[in-house]
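Each ligand, and each atom within it, is numbered from 1 in the order the structure gives.
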Amino acid sequence: MYLVLFGPPGAGKGTQAKRLEAAYHLVQLSTGDMLRAEVASGSTLGIKVKDIMKAGELVPDALIVDMISGRIDAADAKAGFILDGFPRTIPQARALDAMLEGKGLKLNRVIELRADDEAMVERITGRFSCVSCGANYHEKFNPTKVAGVCDACGGARFDRRADDTAETVRARLQAYHDQTAPLISYFEKKGNLLSIDGMAAIDDVTRQLREVLD
Ligand code: ADP
Ligand code: ADP
Ligand code: ZN
């Protein structure tokens, strides 16, 4: 199965992609995670994108398309993947179409997680993750079971993304409306778009996703 999950920052793409990954034996391909790894490693690409990401703007299409096309070819992606955070612009969507066509693959579903801007500010500013295993949490909506201890690995060190500030979220939401939301009609025309209510509780969103995918 080949899926695209898109929606505004904080809609729950990463959270749901991880759950679908386990349920359907897919790999999550998150361009945001890939870029953060490049920044952390200090690579040439990482140096180029660091300030763009911190400002909440989109990284140039050519850099993203290069990065993801190599990743889609990797052995672990052959059995199916969930694209999380890509495509984010019409040129990226066209590049994805061309890439898949060249490989004889077809997207099964494109899923939009609908969410309100105001709620996304609270989601993003309360987000944190485990330094050891990357598990994702939210101060209010998805806290660790024991305060200060990661449910998944027992780790005690947590981190926040450099771009998860109230100010940067505004810029990221703006970028979403200006550059990514036009993908809704792009995929609607192609006929494989599904829209899901991302404002529901985490488990309810998962249930809705599983209903449409089963
Ligand atoms: P995205 O990948 O779309 O930016 P995340 O999956 O990282 O979003 O979710 C953003 C934050 O909101 C995280 O801290 C996550 O735990 C929390 N979250 C995700 N989905 C929901 C939901 N349906 N209701 C409440 N909080 C949520
Ligand atoms: P979000 O929580 O906003 O969904 P992501 O982790 O997907 O965040 O992306 C974080 C940042 O990485 C974006 O604000 C942008 O700067 C960059 N980025 C990620 N994916 C893309 C993409 N497909 N095109 C352009 N920039 C991207
Ligand atoms: Zn952990």
Under 4.0 Å, heavy-atom basis, I'd like to know which part of [X] is in contact with ligand 2: side chain, backbone, both or neither.
| X | result |
| --- | --- |
| Met67 | neither |
| Leu58 | both |
| Arg127 | side chain |
| Val59 | both |

Show, in sequence, the C-alpha distance, side-chain angles and deciding distance for Asp73 and Lys103, and conclude whether the side-chain contact (heavy atoms from CB on, under 4.5 Å) test is met.
CA-CA 9 Å; Asp73 282 330; Lys103 300 178 205 300; 2.6 Å; yes
Of the protein's non-hydrogen atoms, which lies at the shortest distance from [atom], and what is that distance?
| atom | result |
| --- | --- |
| atom 2 (O) of ligand 1 | Gly14 N, 2.9 Å |
| atom 8 (O) of ligand 1 | Gly12 N, 3.2 Å |
| atom 26 (N) of ligand 1 | Phe141 CB, 3.3 Å |
| atom 24 (N) of ligand 1 | Arg123 NH2, 3.4 Å |

Give the single entry among [options] that approaches [atom] most closely by any heavy atom.
| atom | options | answer |
| --- | --- | --- |
| atom 7 (O) of ligand 2 | Arg88, Lys50, Lys13, Glu57 | Arg88 |
| atom 10 (C) of ligand 2 | Arg161, Gln179, Arg172 | Arg161 |
| atom 27 (C) of ligand 2 | Thr180, Val49, Asp51, Ile64 | Ile64 |
| atom 20 (N) of ligand 1 | Asp203, Ile202, Thr125, Asp33 | Ile202 |

Asp97 and Arg94 ion-paired at < 4.0 Å:
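No, Asp97 and Arg94 are not salt-bridged.
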Flag the pair Arg123 and Asp164 as a salt bridge only when some basic side-chain nitrogen lies within less than 4.0 angstrom of an acidic carboxylate oxygen.
no
Quick check with a 6.0 Å cut-off and a 45 degree axis cone: is Arg210 positioned over the face of Tyr24's six-membered ring?
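Yes - Arg210 lies over the ring of Tyr24, closer than 6.0 Å to its centre and within 45° of its axis.
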With only distance considered, is [X] within less than 3.5 Å of ligand 1 through an N or O on each side?
| X | value |
| --- | --- |
| Val205 | no |
| Gly126 | no |
| Gly10 | yes |
| Thr15 | yes |
| Ala200 | yes |
| Ile124 | no |

Sole candidate of Asp163, Asp117, Asp178 that passes salt bridge (charged side-chain N to carboxylate O under 4.0 Å, His left out) when paired with Arg172
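Of all the options given, the one that passes is Asp163.
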Backbone, side chain, both or neither: what part of [X] comes under 4.0 angstrom of ligand 1, heavy atoms only?
| X | value |
| --- | --- |
| Ala17 | neither |
| Tyr137 | backbone |
| Asn142 | side chain |

For Asn136, is the nearest heavy atom under 4.0 Å from an atom of ligand 1?
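Contact check Asn136 vs ligand 1: negative.
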Using non-hydrogen atoms of the residue, decide whether Ala11 is closer than 4.0 angstrom to ligand 1.
yes
Between Gln179 and Thr89, does the side chain to side chain donor-acceptor pair (under 3.5 Å) criterion hold? Intermediate values first, please.
CA-CA 5 Å; Gln179 292 166 273; Thr89 63; over 6 Å; no
Between Ile64 and Leu83, is there shared hydrophobic-cluster membership here, with clusters defined by ILVMFWY side-chain heavy atoms closer than 4.5 Å?
yes
Which label fits Phe158 and Tyr137: parallel for a plane angle under 30°, tilted from 30 to 60°, or perpendicular past 60°?
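Geometry flag for Tyr137 against Phe158: perpendicular rings.
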For [X], is at least one N or O under 3.5 Å away from an N or O on ligand 2?
| X | result |
| --- | --- |
| Asp163 | no |
| Ser30 | no |
| Gly85 | yes |

